[in-house]
Amino acid sequence: MLTVKSLLRFGNLQLPVQRMCPAVFSKKSLLPGHTCSAPWSAGLSAVCCHILPVRTLSEVLTRPGLRTSLHVWTSSGLRTPSGVWTPSGLRTLSGPCTSSGVRRLSSGGGGGGGGGDGAGEAGWYNNLSDSAPVHLCEHFLVSMQQVNGLPWWLSIIMSTLCVRTLITLPLAAYQMVIIAKVEALQVEISGLAKRLRYEVSVCARERGWTEKQSRFQFQKNLRRIVSKLYVRDNCHPFKASLLVWVQLPLWISLSLALRNLSLDQSAVQSNMKAGGILWFSDLTLPDSTWILPVCLGLTNLLVVEVFSLQRVNPSRVQKFVTNSIRAFSVLMIPIAASVPSSMALYWFSSSLVGFSHNLLLRSPAIHRILKLKSQRSESPYRDLLSAFVSKYCK
């Protein structure tokens with residue numbers, strides 16, 4: 001009987017095997033790897049340790065050239081009929097049996113071959129869909145439907161409206177305040193830049209600076225002045241991106257929560273099967289008519305165009321970002337056609353609510369409530385319609 005006392009190393013086991021020392025019988029010189037410390041006169045009671053290589057596939061190599069089909073009993077009492085269990089979770093063909101009689105399924109951690117990449121990709125996606133924010137969104141959606149008692153399609157729309165109104169709308173208003181403060185500072189920054197440029201030119205003549213040194217001093221001092229202005233008015237441009245850092249994880253979590261509720265075998269899934277309306281009566285299946293995906297793509301493109309009309313002279317970077325969002329809006333159409341209708345309905349309703357919030361924040365009454373300092377039009381909706389017509393209908 002062999003006793004496994006060491007770990008797997010590079011596919012081979014180093015097994016210290018207890019057996020009768022052949023030197024006791026042959027009285028010959030020791031073999032390589034022989035670690036016997038017993039004296040030659042010890043007789044048959046002498047025991048030595050000899051390191052033998054053992055393969056870890058489906059056979060045990062006990063001597064060079066000698067193959068046996070015996071299984072190996074490890075020191076932990078784990079038997080592997082068709083493979084050897086490793087501490088790292090090496091997958092076996094038939095599944096090992098533990099000493100307690102509980103069979104482990106083939107869920108090993110071996111990462112060799114081409115299957116490791118697929119397992120890794122599935123692993124991070126499963127971890128994301130099983131994360132705490134996603135489960136929190138699941139409980140929120142189920143609780144909302146149980147409280148209001150509405151059909152699932154209407155409950156999804158109401159939940160989307162509540163989330164976008166209570167969370168993202170205040171952040172969007174805060175973003176407008178920050179952007180308005182930054183725009184109001186541009187006049188002051190322009191005046192300070194002219195004065196700084198004159199002072200730098202005077203210092204350059206006095207100290208003999210080169211053009212490169214003068215430009216460096218101007219940019220360094222201008223950044224310092226602008227940073228002090230941002231701190232004074234509490235309007236650092238990074239604060240305007242707070243909406244994105246909240247809205248994007250929330251959108252992903254709610255989407256995965258609806259996917260889990262639509263695909264998991266539970267009572268909620270049974271209710272969602274009959275919780276649709278019109279052409280998407282089953283919310284657990286994709287929209288085969290592509291009506292929801294197309295409406296989603298058109299709404300997203302409309303939102304992008306409304307934002308693009310706000311910029312009079314967009315920069316090259318702004319044009320690139322706008323075109324990228326346009327391409328992503330078109331790409332969302334086939335994606336929405338391949339997911340459950342509950343997800344497509346949430347995406348469409350979220351885009352529609354976001355578009356209505358964008359129009360609401362253009363109201364002069366909202367600007368007066370927020371005390372925005374930048375100059376706004378008194379008829380923003382008429383101006384937006386005329387700009388849209390002049391750009392796309394002429």
Side-chain angles (χ1 to χ4, degrees), residues 168-248 303-326 354 357-388 390-391:
T168 59
L169 180 59
L171 293 177
Y174 179 71
Q175 183 186 52
M176 285 188 58
V177 172
I178 296 298
I179 293 176
K181 289 183 178 181
V182 172
E183 291 178 353
L185 283 178
Q186 297 306 313
V187 177
E188 185 176 357
I189 291 175
S190 178
L192 292 175
K194 292 180 180 179
R195 181 177 178 181
L196 178 62
R197 191 181 301 276
Y198 172 75
E199 293 179 356
V200 169
S201 62
V202 172
C203 292
R205 287 194 300 267
E206 293 177 352
R207 303 181 183 183
W209 289 345
T210 62
E211 183 66 24
K212 184 178 180 180
Q213 291 174 334
S214 301
R215 190 183 306 112
F216 173 76
Q217 293 294 331
F218 171 76
Q219 293 176 353
K220 183 181 71 172
N221 288 276
L222 182 62
R223 284 194 298 267
R224 178 178 54 83
I225 293 173
V226 172
S227 298
K228 288 183 177 181
L229 292 177
Y230 288 157
V231 172
R232 186 195 67 185
D233 292 354
N234 193 19
C235 62
H236 196 280
F238 181 77
K239 294 182 178 180
S241 64
L242 182 62
L243 174 63
V244 178
W245 296 109
V246 173
Q247 184 176 354
L248 185 58
V303 173
V304 174
E305 297 309 316
V306 168
F307 273 103
S308 66
L309 291 176
Q310 296 178 358
R311 302 183 178 94
V312 180
N313 295 317
S315 62
R316 183 177 301 178
V317 176
Q318 291 175 343
K319 290 181 180 179
F320 175 77
V321 172
T322 302
N323 293 329
S324 300
I325 298 177
R326 287 193 183 106
H357 286 172
N358 183 29
L359 295 180
L360 177 64
L361 292 175
R362 286 173 169 266
S363 172
I366 299 296
H367 292 175
R368 287 192 294 269
I369 294 175
L370 298 177
K371 298 179 180 180
L372 300 181
K373 298 179 181 180
S374 58
Q375 297 294 329
R376 301 285 179 174
S377 174
E378 293 297 329
S379 57
Y381 305 116
R382 187 182 306 169
D383 297 341
L384 180 63
L385 181 61
S386 60
F388 188 86
S390 62
K391 182 176 181 180

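Here the structure is a predicted model, which means the values were calculated and not measured.
Atoms CD1 and CG, from Ile225 and Leu196 in turn, are 5.0 Å apart once rounded to the nearest 0.5 Å. In this structure, Glu188 CD and Asp233 CG are separated by 7.0 Å, a value rounded to the nearest 0.5 Å. Interatomic distance, Tyr174 OH to Ile179 CD1, rounded to the nearest 0.5 Å: 11.5 Å. Considering OG of Ser241 and CG of Leu248, their distance stands at 12.0 Å, rounded to 0.5 Å. Going from atom CG of Leu360 over to atom CZ of Arg362 covers 11.5 Å, rounded to the nearest 0.5 Å. Once rounded to the nearest 0.5 Å, the distance linking CG of Leu222 with CD1 of Ile189 reads 7.5 Å.
The main-chain N or O of Tyr198 is found under 3.5 Å from a side-chain atom of Ser201 such that the two form a donor-acceptor pair. Side chain of Asn358 to backbone of Gly354: no donor-acceptor contact under 3.5 angstrom is found. Gln186 places a side-chain N or O within 3.5 Å of a backbone atom of Val182 that can act as its donor or acceptor partner.
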### Task
Please report the C-alpha distance between Leu171 and Gln247 in whole Å, then the side-chain angles of each, then the deciding distance to 0.1 Å, and finally whether the side-chain contact (heavy atoms from CB on, under 4.5 Å) criterion is met.
CA-CA 9 Å; Leu171 293 177; Gln247 184 176 354; over 6 Å; no
#### Entry: Trace of the side-chain contact (heavy atoms from CB on, under 4.5 Å) decision for Lys239 with Val177
CA-CA 10 Å; Lys239 294 182 178 180; Val177 172; over 6 Å; no
### Task
Test Val304 against Thr322 for side-chain contact (heavy atoms from CB on, under 4.5 Å), laying out the working first.
CA-CA 7 Å; Val304 174; Thr322 302; 3.8 Å; yes
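The 12-atom threshold is exceeded at CZ of Arg224, counting heavy atoms of other residues, nucleotides or ligands nearer than 6.0 Å. Around atom CZ of Arg195, no more than 12 heavy atoms belonging to other residues, nucleotides or ligands sit under 6.0 Å away.
Shortest non-hydrogen contact noted between Met176 and Leu372 is CE-CD1, 3.7 Å. For the pair Lys181 and Asn234, the tightest heavy-atom approach, listed with the atom from each and the gap, is NZ-O, 4.3 Å. Nearest approach of Val200 to Phe218, heavy atoms of both residues: CG2-CA, 4.1 Å.
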Side-chain donor-acceptor contacts of residues 206-213 below 3.5 Å, not counting sequence neighbours, with atom names and distances?
from   : atom 1 : to     : atom 2 : distance (Å)
Thr210 : OG1    : Gln213 : N      : 3.3
Gln213 : OE1    : Thr210 : N      : 3.1

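Ring orientation note: the planes of Trp245 and Phe238 are tilted relative to one another, at an angle of 30° to 60°.
Contact check for Ser386 versus Arg382: no side-chain heavy atoms found under the 4.5 Å cut-off. Counting heavy atoms from C-beta outward, Leu242 and Ile178 have side chains that stay 4.5 Å or more apart.
Legend: residues meeting side chain to side chain contact (heavy atoms under 4.5 Å, CB included) with Ser227, ordered by chain and number and at least two apart, are absent.
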